[in-house]
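Down below is the structure, laid out as structure tokens.
Values below: every heavy atom of this structure, side chains too, minus hydrogens, waters and symmetry copies.
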Amino acid sequence: MSSVDWIVLFGTLLAIVAYGAWKTRGSKTIEGYLKGDNRMKWWMIGISIMATQASAITFLSTPGQAIEDGMRFIQIYFGLPIAMVILSVTLVPIYYRLKVYTAYEYLEGRFDLKTRTLAATYFLLLRGLSAGITLYAPAIVLATILNWSLYFTTVMIGVLVIIYVTTGGTRAVSLTQRYQMAVIMTGMLTAGFIAYSLIPDHVSFGDTVALAGELGKLNLVNIEFNLEDRYNIWSGIIGGTFLSLAYFGTDHSQVARYLGGVSLAESRMGLMFNGLLKIPMQFIILFIGVMVFVFFLFNKPPVYFNQHLMERARDISPEAIAELEASYDALYNEKSTVVENLVKAIQQEDAGAVSAVKSGYFEIAEKERSIRDSVKVVIAEVIPGAKTQDRDFIFLNFVINNLPRGLVGLLIAVMFSAAMSSMASELNALASATTVDLYKRSFRKEASPGHYVLASRLFTVMWALLAMLFAILASFEENLIQFVNIVGSLFYGTLLGIFVTAFYLKWVRGTAVFIAAIIAEVLVFYCHYFTDIAFLWYIFVGCFSVIIGSIVIQAFLRKT
């Protein structure tokens with residue numbers, strides 16, 4: 001990157017961190033540190049909720065998801081508005097009435113301590129793993145632009161986030177997110193515009209959209225019902241509703257955002273704000289990915305997008321890499337001709353020619369995929385332990401190599417600020433649940449407010465260190481945006497089932513739901529490892545396993 005990019009990058013990051021630390025200096029109580037003193041307006045809540053979801057994974061991985069698989073991923077959000085209405089009517093008033101710090105305090109009064117502890121533990125597991133994934137994304141960015149070790153950049157960013165979140169807690173996260181979102185969306189829209197501007201002049205915007213559509217990238221809605229298909233309208237509306245209910249109703253990283261509202265009405269409006277704007281935001285990000293896909297049709301992409309690993313492999317095995325690159329170059333020249341013919345057929349509105357040329361394109365694309373897979377095999381052989389999945393590097397490669405000076409730094413700042421925002425929210429929620437649901441409840445019931453603030457900060461550091469360890473050791477074969485949703489789906493259904501049982505099955509007691517929740521989690525993991533059911537349905541399985549299991553077990557316990 002140029003010196004201008006570095007100035008923009010570090011200037012943006014330092015300004016955000018300094019502002020958050022300065023505005024929130026002096027949080028002396030656990031309420032101020034964990035809940036932000038209940039000062040947030042509805043629009044701050046909505047932006048905070050969206051920014052917590054919009055980690056670096058969103059802006060690094062979502063465009064790559066569109067490039068690889070089209071826009072069908074957006075269907076996962078179709079249930080979000082429905083869930084926001086349900087939560088605003090049912091769950092949020094309960095949390096406000098009880099004045100809880102975490103979502104899991106309610107469960108002890110409704111059931112017992114062991115059920116509260118089990119739910120909090122499930123949350124800590126899923127959010128702790130997700131924090132590692134969130135940390136991994138910006139580590140990729142820094143490792144790529146500096147050509148440093150991924151392990152080193154993971155630790156470096158983790159330390160920065162620790163400083164960021166421990167100095168201010170929830171208010172630091174919330175106050176800075178509005179500015180981070182402004183930077184994020186400005187940068188992403190700029191990247192999309194530049195991607196389109198670099199497409200040849202003879203290809204109009206209409207031709208660009210038509211080209212993407214013919215090549216299967218505008219696959220927004222699939223109405224076919226298929227349990228093995230990850231993204232269709234049924235999994236999106238049904239599974240997506242359950243996912244959103246669980247995420248926003250039982251995951252404290254989100255519950256904490258609206259528990260910090262000035263009033264119940266403000267929190268409800270914040271949730272609805274999120275429900276209305278999330279789908280358009282994801283549409284824009286996915287469409288930007290589609291623009292980058294079309295850009296790469298006319299501008300040759302690398303055979304492998306993680307250039308740091310590619311250079312290492314080339315140094316170790318130059319002949320094998322050179323042979324694959326030569327085959328790839330020849331194939332790309334062939335593909336370029338096919339793409340130009342497809343554009344002409346689209347412009348002439350010749351449906352027969354479009355169909356014929358498309359068939360040739362997909363044959364070449366399959367050969368291209370085979371070469372890319374062969375490159376990954378070579379890299380894995382010559383660099384043992386290398387993480388060869390490179391889909392999350394596609395958009396980053398475009399940004400670094402095609403945006404003008406200054407804008408590269410802005411886009412990198414976008415990803416870093418999003419990572420800090422999202423991971424700070426996750427660490428703050430992990431510290432809240434650990435302090436309130438485990439430490440304060442079961443280990444140190446009586447202590448000064450300052451003691452619990454210190455404990456929260458120490459737990460923040462502990463979870464950050466564990467996230468670093470997971471990011472370093474884990475193998476991310478999935479696209480990151482998919483992987484983070486898969487991890488959530490493994491636990492969210494069981495958590496949602498516990499809360500639904502608590503709200504609507506008043507005669508079910510703690511022991512029954514505790515046992516049912518353990519059985520449900522076993523069933524979810526069975527579905528994941530031994531069936532082909534799409535991950536969105538795990539939440540449905542987990543939720544109803546808890547509900548039905550609780551009813552059956554409670555009936556059995558009454559008889560005995």
Side-chain angles (χ1 to χ4, degrees), residues 62-76 78 192 195-236 282-303 305 324 327-375 391 394-395 398 479 482 532 534:
T62 304
Q65 173 72 17
I67 292 167
E68 291 277 307
D69 194 43
M71 296 184 67
R72 69 193 189 110
F73 179 76
I74 199 172
Q75 293 170 110
I76 197 175
F78 284 179
Y196 171 68
S197 69
L198 294 175
I199 294 171
D201 292 339
H202 69 278
V203 183
S204 68
F205 181 75
D207 296 335
T208 301
V209 174
L211 184 60
E214 292 294 345
L215 298 181
K217 301 305 178 181
L218 299 182
N219 48 349
L220 286 167
V221 177
N222 176 14
I223 62 174
E224 180 184 356
F225 184 84
N226 183 355
L227 288 176
E228 296 181 6
D229 181 17
R230 288 182 173 182
Y231 309 118
N232 56 56
I233 195 168
W234 308 108
S235 64
Q282 290 299 125
F283 177 89
I284 291 171
I285 296 171
L286 287 165
F287 189 74
I288 289 169
V290 170
M291 288 294 101
V292 174
F293 165 78
V294 177
F295 164 83
F296 279 133
L297 292 177
F298 297 96
N299 301 271
K300 188 178 72 175
V303 66
F305 286 95
L324 289 169
S327 299
Y328 174 75
D329 291 345
L331 193 63
Y332 179 78
N333 291 333
E334 185 180 345
K335 186 175 77 170
S336 296
T337 302
V338 172
V339 169
E340 288 292 346
N341 290 336
L342 181 56
V343 171
K344 291 178 182 177
I346 290 172
Q347 291 173 339
Q348 294 169 1
E349 299 182 359
D350 187 338
V354 167
S355 179
V357 176
K358 272 171 52 180
S359 178
Y361 171 86
F362 288 124
E363 289 179 8
I364 294 173
E366 186 60 36
K367 294 177 183 177
E368 188 178 72
R369 189 175 298 109
S370 178
I371 294 175
R372 292 183 184 277
D373 290 340
S374 297
V375 172
R391 283 166 290 182
I394 300 175
F395 185 64
F398 167 78
N479 176 280
Q482 294 190 89
D532 294 323

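Taking CZ of Arg391 as the start and CZ of Arg372 as the end, the distance is 12.0 Å to the nearest 0.5 Å. Of the inter-residue distances, the one linking Asp229 atom CG with Arg72 atom CZ reads 5.0 Å to the nearest 0.5 angstrom. Atoms CG and CD1, from Leu286 and Ile74 in turn, are 6.0 Å apart once rounded to the nearest 0.5 Å. To the nearest 0.5 Å, atoms CG (Asn299) and CG (Leu198) are separated by 6.5 Å. Interatomic distance, Lys300 NZ to Asn333 CG, rounded to the nearest 0.5 Å: 7.0 Å. Atom NZ in Lys335 sits 10.5 Å away from atom CZ in Phe298 (nearest 0.5 Å).
Annotation for Leu342 and Leu211: closest pair CD2-CD1, 3.3 Å, computed over non-hydrogen atoms. Closest heavy-atom contact between Ile346 and Ala210: CG2-CB, 3.7 Å. What you find for Met291 and Ile199 is that their closest heavy atoms are O-CD1, 4.4 Å. Scanning all heavy atoms of the two residues, the minimum distance from Gly360 to Val338 falls at C-CG1, 4.4 Å. Taking all atoms of both residues into account, the shortest heavy-atom contact from Ile223 to Ile233 is CA-CG2, 3.7 Å. The heavy-atom pair separating Phe78 from Leu220 by the smallest distance is CZ-O, 4.4 Å.
You'll find the side chain of Asn232 stays beyond 4.5 Å of the side chain of Glu224, heavy atoms only. The closest side-chain heavy-atom distance from Val357 to Tyr361 is not below 4.5 Å. You'll find the side chain of Trp234 stays beyond 4.5 Å of the side chain of Asn222, heavy atoms only. Here the side chains of Pro301 and Tyr328 are in contact, with some heavy-atom distance below 4.5 Å. Side-chain contact check for Glu340 versus His202: some heavy-atom pair is nearer than 4.5 Å. Looking at Leu324 and Ser374, their side chains come closer than 4.5 Å, going by heavy atoms from C-beta outward.
Applying the side chain to side chain donor-acceptor pair (under 3.5 Å) test to pairs two or more places apart or on separate chains, those with a residue in residues 208-220 are Glu214-Lys358.
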- Task: Apply side-chain hydrogen bond (donor to acceptor under 3.5 Å, both in side chains) to the pair Asp207 and Gln347, showing each step before the final yes or no.
- Result: CA-CA 7 Å; Asp207 296 335; Gln347 291 173 339; 2.9 Å; yes
- Test log, rule side chain to side chain contact (heavy atoms under 4.5 Å, CB included), inputs Gln282 and Ile76: CA-CA 10 Å; Gln282 290 299 125; Ile76 197 175; over 6 Å; no
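Between the side chain of Tyr332 and the backbone N or O of Leu297, at least one donor-acceptor pair lies under 3.5 Å. A donor-acceptor distance shorter than 3.5 angstrom exists from the side chain of Asn341 to the backbone of Thr337, with no hydrogens or angles considered. Using modelled atom types, one side-chain atom of Gln75 and one backbone atom of Tyr231 make a donor-acceptor pair closer than 3.5 Å.
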